[in-house]
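Written below as structure tokens is the structure these notes are about.
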Amino acid sequence: MEPFSGTTSVYVFGAGGHGKVVLDVLLSENKYVVKGILDDGPKSDALFGIPVKKNFNRQKLQARNCIVAIGDNAIRKKIVTTLDTNFIMTIHPNAIVSKFAKIGPGTQIMATAVINAEAVIGNHCIINTGAIVEHDCRLENYVHVAPNACLGGNVTVGEKTLIGIGATVIPNITIGKNVTVGAGSVVLQDIPDNAVVVGTPAKIIKYQD
């Protein structure tokens, strides 16, 4: 985890609903001073009293601290690739993260989430409110584990995959890249790349690009 620094500034990219949650986590951590919120098409001029900037020079963010607060995995990845910044993580004080877990830069861990021993979370992931990532799980970059979803031990999740709200994945499952697991689904077997699965047990209903 990044070292404590109460005076270091950070920029938040994203002024939507997910941006509000990430901003709230940052303010709860009290490790950074939020310098500004950046958004290409903002719906408001400020969030929680912090100004939202539409017209900004990405080059001026070089070597600055930044976090991309976009819920959509593909859009988050697209924006990250346009920025040359120092990406920081944020972890809500009420989250439980094992000291033996590894968390990549840009990742956001929300209130009451649990990440257990020897889990490895990639870069720019979202472990949302109340989600559980059990021991020895491996999450590649840009994964989103939605609120109250649960990954059993030793689950592998590929890049840009969404584990939907309240979904359950039993231990020792491998989920491919760019997969969508529908809300409330129960995953009992491996899932290939690009699949959309729903139900109990989860079954493939289509493939996405």
Side-chain angles (χ1 to χ4, degrees), residues 10-23 25-26 37-43 47 52-54 56 58-59 61 65-90 103-110 113 115 119-129 131 133 137-151 155-167 169 173-185 187 190-198 202-209:
V10 63
Y11 289 86
V12 176
F13 198 115
H18 184 70
K20 293 178 183 178
V21 179
V22 171
L23 180 58
V25 175
L26 281 167
I37 302 166
L38 313 176
D39 198 296
D40 292 325
K43 296 181 180 179
L47 289 181
V52 177
K53 301 176 183 180
K54 179 179 180 180
F56 54 91
R58 279 173 163 78
Q59 291 183 343
L61 292 175
N65 292 318
C66 185
I67 191 164
V68 179
I70 303 292
D72 183 281
N73 293 336
I75 296 175
R76 187 166 67 261
K77 180 179 180 179
K78 182 178 180 180
I79 292 172
V80 165
T81 59
T82 69
L83 300 175
D84 182 15
T85 75
N86 177 45
F87 292 110
I88 60 110
M89 72 178 74
T90 189
I103 314 295
T107 288
Q108 305 140 32
I109 301 174
M110 309 311 187
I115 299 176
V120 177
I121 313 295
N123 304 339
H124 306 286
C125 292
I126 300 169
I127 311 300
N128 223 317
T129 310
V133 179
C137 285
R138 298 289 183 271
L139 277 59
E140 294 184 8
N141 301 335
Y142 306 102
V143 168
H144 185 171
V145 183
N148 290 323
C150 179
L151 305 182
V155 168
T156 299
V157 182
E159 181 179 287
K160 292 195 302 179
T161 284
L162 169 65
I163 309 295
I165 294 175
V169 182
I173 292 293
T174 297
I175 298 174
K177 299 179 180 180
N178 195 39
V179 168
T180 297
V181 176
S185 298
V187 178
D190 293 351
I191 302 173
D193 294 349
N194 303 311
V196 177
V197 302
V198 298
K203 295 186 181 300
I204 299 172
I205 60 169
K206 65 178 181 179
Y207 288 89
Q208 55 197 355
D209 295 333

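If you take CD1 on Ile121 and CZ on Arg138, they are separated by 9.0 Å, rounding to the nearest 0.5 Å. Interatomic distance, Cys125 SG to Glu140 CD, rounded to the nearest 0.5 Å: 9.0 Å. Rounding to the nearest 0.5 Å places CG of Asn128 at 11.0 Å from CD1 of Ile109. Note that SG of Cys137 is 11.0 Å distant from CD1 of Ile173, once rounded to the nearest 0.5 Å. The distance from the CD1 atom of Ile79 to the CG atom of Leu38 is 10.0 Å, given to the nearest 0.5 Å.
Annotation: side chain of Ile67 is not in contact with side chain of Met89 (no heavy-atom distance under 4.5 Å). Two residues are said to be in side-chain contact when any heavy atoms from C-beta on lie closer than 4.5 Å; Leu151 and Leu139 meet this criterion. A 4.5 Å side-chain heavy-atom check between Val21 and Met110 finds at least one atom pair inside the cut-off. With a 4.5 Å cut-off on side-chain heavy atoms, Ile126 and His18 count as touching. A heavy-atom distance below 4.5 Å is found between the side chains of Ile204 and Pro192.
A pairwise comparison of heavy atoms in Gly164 and Ala146 identifies C-CB, 3.6 Å as the closest pair. When every heavy atom of Cys66 is checked against every heavy atom of Thr85, the shortest pair comes out as CB-OG1, 3.5 Å. Taking both residues in full, the closest heavy atoms of Val52 and Pro42 are given as CG1-CB, 3.4 Å, listed atom of the first, atom of the second, then distance. Taking each heavy atom of Val145 and Ala131 in turn, the nearest pair found is CG1-CB, 3.8 Å. Closest heavy-atom contact between Ala202 and Ser185: CB-CB, 4.2 Å. Among all heavy-atom pairs drawn from Asp40 and Lys54, the shortest one is O-CE, 3.2 Å.
Side-chain N or O atoms of Thr129 include none that pairs as donor or acceptor with a backbone N or O of Asn148 at under 3.5 Å. Without hydrogens or angle criteria, Asp193 side chain to Lys177 main chain gives a donor-acceptor distance under 3.5 Å. Looking only at distances, no side-chain donor or acceptor of Thr156 sits under 3.5 Å from a matching main-chain atom of Thr174.
Residues forming a side chain to side chain donor-acceptor pair (under 3.5 Å) with Asn123 (at least two apart in sequence, or on another chain): none.
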Would you mind writing out the side-chain donor-acceptor pairs for residues 68-77 within the sub-3.5 Å range, not counting sequence neighbours?
residue	atom	partner	partner atom	Å
Asp72	OD1	Ala74	N	3.1
Asp72	OD1	Ile75	N	2.9
Asn73	OD1	Arg76	NH1	3.3
Asn73	OD1	Arg76	NH2	2.7
Asn73	ND2	Tyr142	O	3.3
Asn73	ND2	Lys160	O	3.2
Asn73	ND2	Thr161	O	3.2
Arg76	NE	His124	O	2.8
Arg76	NH1	Ile70	O	2.8
Arg76	NH1	Gly71	O	3.2
Arg76	NH2	His124	O	3.2
Arg76	NH2	Tyr142	O	3.4
Lys77	NZ	Glu159	OE2	2.7

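Here Phe87 and Phe13 keep their ring centres 6.0 angstrom or further from each other.
Screening Val179, Ile127, Val181 against Ile163 for a side chain to side chain contact (heavy atoms under 4.5 Å, CB included) leaves a single residue, Val181.
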| message | As a quick check of understanding, evaluate side-chain contact (heavy atoms from CB on, under 4.5 Å) for Gln208 and Thr180, giving each step before the final call. | response | CA-CA 9 Å; Gln208 55 197 355; Thr180 297; 3.1 Å; yes
| message | Working note: Ile88 + Leu26, criterion side-chain contact (heavy atoms from CB on, under 4.5 Å); need CA distance, chi angles, decisive distance, verdict. | response | CA-CA 10 Å; Ile88 60 110; Leu26 281 167; 3.9 Å; yes
